[in-house]
Amino acid sequence: MSSLITRVRLKQIENLIEKGKRLDGRGLGDYREIKIEQGIIEKAEGSARVLLGKTEVLVGVKIETGEPFPDTPNEGVLTVNAELVPLASPSFEAGPPDENSIELARVVDRGIRESKAIDAEKLVIEPGKKVFVVFVDIYVLNHDGNLIDAAALAAVAALRNTKMPNYEIENGEVKIKQGYTQLPMRAYPITVTLGKINGKLIVDPWLEEEEAIDSRISLAINDEGNICAIQKGGVGYFTPQQILEAARIAKEKATALRKKLDW
Amino acid sequence: MSSLITRVRLKQIENLIEKGKRLDGRGLGDYREIKIEQGIIEKAEGSARVLLGKTEVLVGVKIETGEPFPDTPNEGVLTVNAELVPLASPSFEAGPPDENSIELARVVDRGIRESKAIDAEKLVIEPGKKVFVVFVDIYVLNHDGNLIDAAALAAVAALRNTKMPNYEIENGEVKIKQGYTQLPMRAYPITVTLGKINGKLIVDPWLEEEEAIDSRISLAINDEGNICAIQKGGVGYFTPQQILEAARIAKEKATALRKKLDW
Amino acid sequence: MSSLITRVRLKQIENLIEKGKRLDGRGLGDYREIKIEQGIIEKAEGSARVLLGKTEVLVGVKIETGEPFPDTPNEGVLTVNAELVPLASPSFEAGPPDENSIELARVVDRGIRESKAIDAEKLVIEPGKKVFVVFVDIYVLNHDGNLIDAAALAAVAALRNTKMPNYEIENGEVKIKQGYTQLPMRAYPITVTLGKINGKLIVDPWLEEEEAIDSRISLAINDEGNICAIQKGGVGYFTPQQILEAARIAKEKATALRKKLDW
Amino acid sequence: MSEKPEKLIDKKGLRLDGRKPDELRPIKIEVGVLSNADGSAYIEHGKNKILAAAFGPREMHPKHLTLPDRMVLRCRYHMAPFSVQERKSPAPSRREIELSKVIREALEPAVFVEYYPRTGVDIFIEVLQADGGTRCASITAAALALADAGIPMRDLVAACAAGKVGDTVVLDLMDTEDKVGSADVPVAIMPNLNAVTLLQMDGILTFEEFERAVDLAIEGCKKIYAVQKEALKARYMAVKQEEEVEE
Amino acid sequence: MSEKPEKLIDKKGLRLDGRKPDELRPIKIEVGVLSNADGSAYIEHGKNKILAAAFGPREMHPKHLTLPDRMVLRCRYHMAPFSVQERKSPAPSRREIELSKVIREALEPAVFVEYYPRTGVDIFIEVLQADGGTRCASITAAALALADAGIPMRDLVAACAAGKVGDTVVLDLMDTEDKVGSADVPVAIMPNLNAVTLLQMDGILTFEEFERAVDLAIEGCKKIYAVQKEALKARYMAVKQEEEVEE
Amino acid sequence: MSEKPEKLIDKKGLRLDGRKPDELRPIKIEVGVLSNADGSAYIEHGKNKILAAAFGPREMHPKHLTLPDRMVLRCRYHMAPFSVQERKSPAPSRREIELSKVIREALEPAVFVEYYPRTGVDIFIEVLQADGGTRCASITAAALALADAGIPMRDLVAACAAGKVGDTVVLDLMDTEDKVGSADVPVAIMPNLNAVTLLQMDGILTFEEFERAVDLAIEGCKKIYAVQKEALKARYMAVKQEEEVEE
């Protein structure tokens, strides 16, 4: 990402963090304010909008029928896609997904997949032939930093909000019936991202801090407090101690967040 | 489109039009000379070449079998595509269709589709499963202005010239038989484009006039003289009065053209 | 290809060739040293690596099931693809195949196809419905000239090394069984490329010579010594006499090579 | 899944959603909703939910598209995959490419492009939910995004469709009416200049029906124009209050 | 749908369309048919119908492809979707990309590329109907388009295939012969320079058959060369007449 | 075709291929294997066979990606179509694009990017055969390719995964263990700097298991580091010998 902030600003951020403070008044381990709205796209089977400070992510879930993958004939299909639409930031460009949007989608995908959040076996209509395909489309509407946590939260919130069409099989053909069933969920992973500035770890870096950090680490934590996915990013490094410290903080933050959300 | 003509030339065009005249001697409401040749591509199921002055458009029609759209199981499929091939103009580039060729294809498509020119129900082989797909490929060979009218004319002329293969169903498989049937047509829409220069409307603008006009309006008129499709183009505007005037002229011109073509 | 060598070097190459000599000490009709290794990619159904001097080409063969082409319902499918991967040369770029890699793939394809090297009828599982598809993927690992001969040799060597899965048909479904059968081969074409410098023909031009030649001709020779594919390349020309001379040399070289390889 | 309703207009002359023939759907507009864009607007027009943003005037990439005597306007109309019944691939469709062009050409007459030569303005439109008439609602929102970005304009552009449903010419078709109805005429105007900047038509209309549809659409646009001005006013009041607080 | 004919050569030694083994299909060429191109030609060679146009010498886009000491030749061979039995996607196929390259390399030896450094010439070929031998007919037409554009040339390039049908080496294969026959040898020459600029081969030929095929193809090219010259002459007469009328 | 093995760890605590839980697969590395690259390395790590090459520091194309104060590192991780069980399309998959990014970010901390401003270094990785752990083996090889190209580096980067198979935390998962196992933790380190430059995780681990996996992976990386240094030494000995012969 191009350098959008000045060296003076960068120095300011670093100096504050040295003292355990941040530009926007937060403590090193604090999240920005989080707002979640569910069900705002009526035409989608599920949807949620997350505001993480000024970062805004909308996730829509669509459910269609399709074929299972040959190696998992008894499981439905999950497809996660992310669009960094150009109205969200001057640094986003229209066009096919770039490495940043692909990484975002794949990190959110792993959190959901590895925690077995969706009960994929209940999405099977006819084993090996026909299953429900769950499309999770992440739409970043305003980029003010820490897209991973906002997108992961919006994705799980949207899935919690998702209804599957009822169906019956008539003469070998799937007939969609009236009514809906809740999408079968087994877990609600929460992803916590930390950045490293001058050797210090900060939670939920916002846009200007993202310019200042040399690396980040994102950990998806499941309902039991176990780790189910990790992604290190950025051109810097962590010491092994910092990694364990980050894992500890992530677990703590996820538990707190989970309590607050009543998930 | 980049400015290919000089300001002097532009002034000249405007001055003439002010006096009700045009550079090439036509009156404001006159078409250039129109020539239509049908059946010139023997390998295509239908074809026609239209010369509108120096503008040259070739349309080939191919018919294949395929699946109907899920929401219209009892109708054949119409696909219109336009190629602004680079030999037609220094302003055309090789590559995937750009917004100009897509607009051209979609405007021609709408004229045919909305007037219900093709009797789509007669293209069904097996409802919901197998239908004829009609590919209308517009090939612009020389661009001297008003591609929409030339392409729309060539498309309908090619469809009038199109033969469908005969077939029978044997053990659930479609067998192509000897002989051909005329493509079932119900209407022959004619599209008339007008340009606006200095508040005056001109019919069939040629290339240099296209550089001078700030907007154009194209109206497809069906056999009964009703309007079945409209497209305004260009970065200017029309007053509501100019729009109604354009519609009146288009209807008149289409009737005259229809008589001349004996459609 | 951009000019990678200096004019002095070019003059040097030309002067030597005038005297029947070459920069690397070879005679005009000599190949560089050839090394062939087979079966080095265990996960592929067949593979071979060819070193032609410093030019290095790896070919992997994968076999899958698929549909035959409608016009050859009783034949398996051959697909040849070439990747000029960017680690092989600073002149190669990542991205979709360009004209050079497409030409390379198609020239190798023609040698195999026209000599009927693979017994395509033995690849049919169910006529018109299911056949084996043979994917020949040419991977250029180091480009030091004459990719065509190296790739053609590696492709045939990989096919000679290819095993097809055994199968049986159970209730209309193909079941892959234990064990393998040798891919049925009928011919082992060998392709010989000659370059023209100052009216002289040289066999197996290496990278610097490729910069110096104005045209090349590649001939695929089958087991009987007949010609089964030709491709002239480059922006120069051959006299008819030079073409016949090239064909004569190619036949001779192919025979010698075949003897040496014991094909 | 989509069954055709039996009657688009009932005995009382009311439409499927209870509207009268010349009645607009509810419209809600908010200006200045995105912090990273130079200008932005969010519109809910019936069940349509659309975001528009403007960036610029700014340096253009690639540079060779720059024009020496004027600003270049670019526009991308794009639908979210979840905005419609069947998931839409995020890659731009031919329809989206055409609409991007006609929307740009509907907005450009309102912009003083000669004020900022050698610059570009990008308009990005994201349809979050579609329910018929997205191109018109997009124009309505995008005009406000341009104004919010401080792009000098002759007038706002307001857009609305009229059409024919059964035998009746009606205003502002929703999705079902658009699909089952017999004609659709989207129109955009610069209200103060009596200028039509977008006009398209699908379906079959007599000359007289067309005249009526254009009149009805223009009336609709004028009502939408009033909503646009309210939204702009609300935005400026908010900005002013913020500034006062900061002082 | 395509059934193989029983006999490609009948008892009298004649081919499916009644031609003798060394006989060309009818050829019709017109030069200067497109008003926007710098040079153009239209060829009907058997049932092949092909347009070729040349633009340049002109500035190149993108600029970094320019060469300091010579003109850059580019070529696009493209088939219309309706030119063949099964509709062809308009996106360039691998075959079209290869043919664009070999056609360019067949034409380039005839062009004095050093006369106009830092410029480019684009050759665009559109196959409107294909019936076997399109690459050769394309070269024949494109050479005339270059000449018509005033590009300085050593010679024209004329092209024609020979091949083997049954046991007979024949000239100028049409579609069915190409598909069912046992070899195809397309050749292009600069007739005055005794220079072969295109040579490809598919199928199986002995050395002697190959020699015979090359000879036959070269003979064919020379006959086509005569037709090319006639077409150029007709074009210049027409231009001259136009100029005289204008004086 | 792929049946799940019944037991990933046998009664003796050994794995499918007979390794102990903390045992690496056999590793073979050769540096300087490609004559056209500025630096290169070939690694066989278990059945993984991977080539890595580095080009640069050199001028970048396109130029606008150049940075005034540092070198730009680019990386492409790519799998050969025949490297896996089912043929892979040669077009880059989303997985390959993500891995290209994380591999680049694993290598960049080791490079003194500020030494050569306004230049670029390209790293190209080709997986010729894949058997689990390709990203780690790619990093191990690519770090050597960079060193072989003479790019100034703080340290080498060595990479290796740990994971959980059944109830056991094990080192260096092969393909079957990766697919059937319950967690995979690829790690890259700069051994002399105690710095983790790549860390990912799939699966479910308690905090304690995660700690153990990271420790184990780092131990593995250190062993691989020794192999890397041997390979570099062998390369330099060879180069030196060549030079001596030339003198």
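Convention: sequence-line order gives letters A, B, ...; per-chain numbering from 1.
Within 6.0 Å of NZ in B:K130 there are 12 or fewer heavy atoms belonging to other residues, nucleotides or ligands. Few gaps surround CD on B:E64; more than 12 heavy atoms of other groups in view lie less than 6.0 Å from it. Other residues, nucleotides and ligands contribute at most 12 non-hydrogen atoms within 6.0 Å of the CG atom of D:D167. For D:K47, the NZ atom is loosely surrounded, since the number of other residues' heavy atoms within 6.0 Å does not exceed 12. More than 12 heavy-atom neighbours from other residues, nucleotides or ligands sit within 6.0 angstrom of NZ on D:K223.
Side chain of B:K232 to backbone of D:V196: no donor-acceptor contact under 3.5 angstrom is found. A donor-acceptor pair under 3.5 Å is absent between the side-chain atoms of B:Q231 and the main chain of D:Q200, judged by distance alone.
Residue B:Q241 touches chain D through its side chain alone, counting heavy-atom pairs closer than 4.5 Å. For chain B, no part of D:L73 is nearby; none of its heavy atoms comes within less than 4.5 Å. Contact of D:L199 with chain B is made through backbone and side chain together, with heavy-atom distances under 4.5 Å. Contacts of D:R95 with chain B are made by both backbone and side-chain atoms, with heavy-atom separations under 4.5 Å. Residue contact with chain D, scored on non-hydrogen atoms closer than 4.5 Å, is absent for B:L219.
The two residues D:E105 and B:G233 have their closest heavy-atom pair at OE1-CA, 3.5 Å. Here the closest non-hydrogen pair linking D:I218 and B:P240 is CD1-CG, 3.6 Å. Of all non-hydrogen atoms in D:P109 and B:G236, the two that sit nearest each other are CG-O, 3.4 Å.
The CD atom of D:E108 sits 14.0 Å away from atom OH of B:Y237, with the distance rounded to the nearest 0.5 Å. Atom-to-atom distance recorded for B:F238:CZ and D:N194:CG is 14.0 Å, nearest 0.5 angstrom. Note: B:E224 CD to D:I204 CD1 = 7.5 Å, rounded to the nearest 0.5 Å. For the atom pair SG of B:C228 and CE of D:M201, the computed distance is 6.5 Å after rounding to the nearest 0.5 Å. Atom CD1 of B:I230 and atom CG of D:L205 lie 7.5 Å apart (nearest 0.5 Å). Atom CZ in D:F207 sits 11.5 Å away from atom CG in B:N226 (nearest 0.5 Å).
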Q: Check the pair B:R106, D:I97 against side-chain contact (heavy atoms from CB on, under 4.5 Å), reporting the backbone distance first and the verdict last.
A: CA-CA 11 Å; B:R106 286 177 58 86; D:I97 292 170; over 6 Å; no
(Q) Please determine whether salt bridge (Lys or Arg N to Asp or Glu O under 4.0 Å) holds for the pair D:E98 and B:R110, giving the CA-CA distance in whole Å, both sets of side-chain angles, and the decisive distance to 0.1 Å. (A) CA-CA 13 Å; D:E98 187 205 341; B:R110 278 203 286 272; 2.7 Å; yes
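In this structure, D:E211 does not pair ionically with B:R248, as no charged nitrogen and carboxylate oxygen lie closer than 4.0 Å. The pair B:E99-D:R104 meets the salt-bridge criterion, with a side-chain N (NZ, NE, NH1 or NH2) lying under 4.0 Å from an Asp/Glu carboxylate O. We find that B:E103 and D:K101 are joined by a salt bridge, their nearest charged nitrogen and carboxylate oxygen being less than 4.0 Å apart.
Chain D forms the most heavy-atom pairs under 4.5 Å with one residue out of B:N222, B:L244, B:T239, and that residue is B:L244.
Taking the side chain as every heavy atom from C-beta outward, D:E86 and B:D71 never approach each other to under 4.5 Å.
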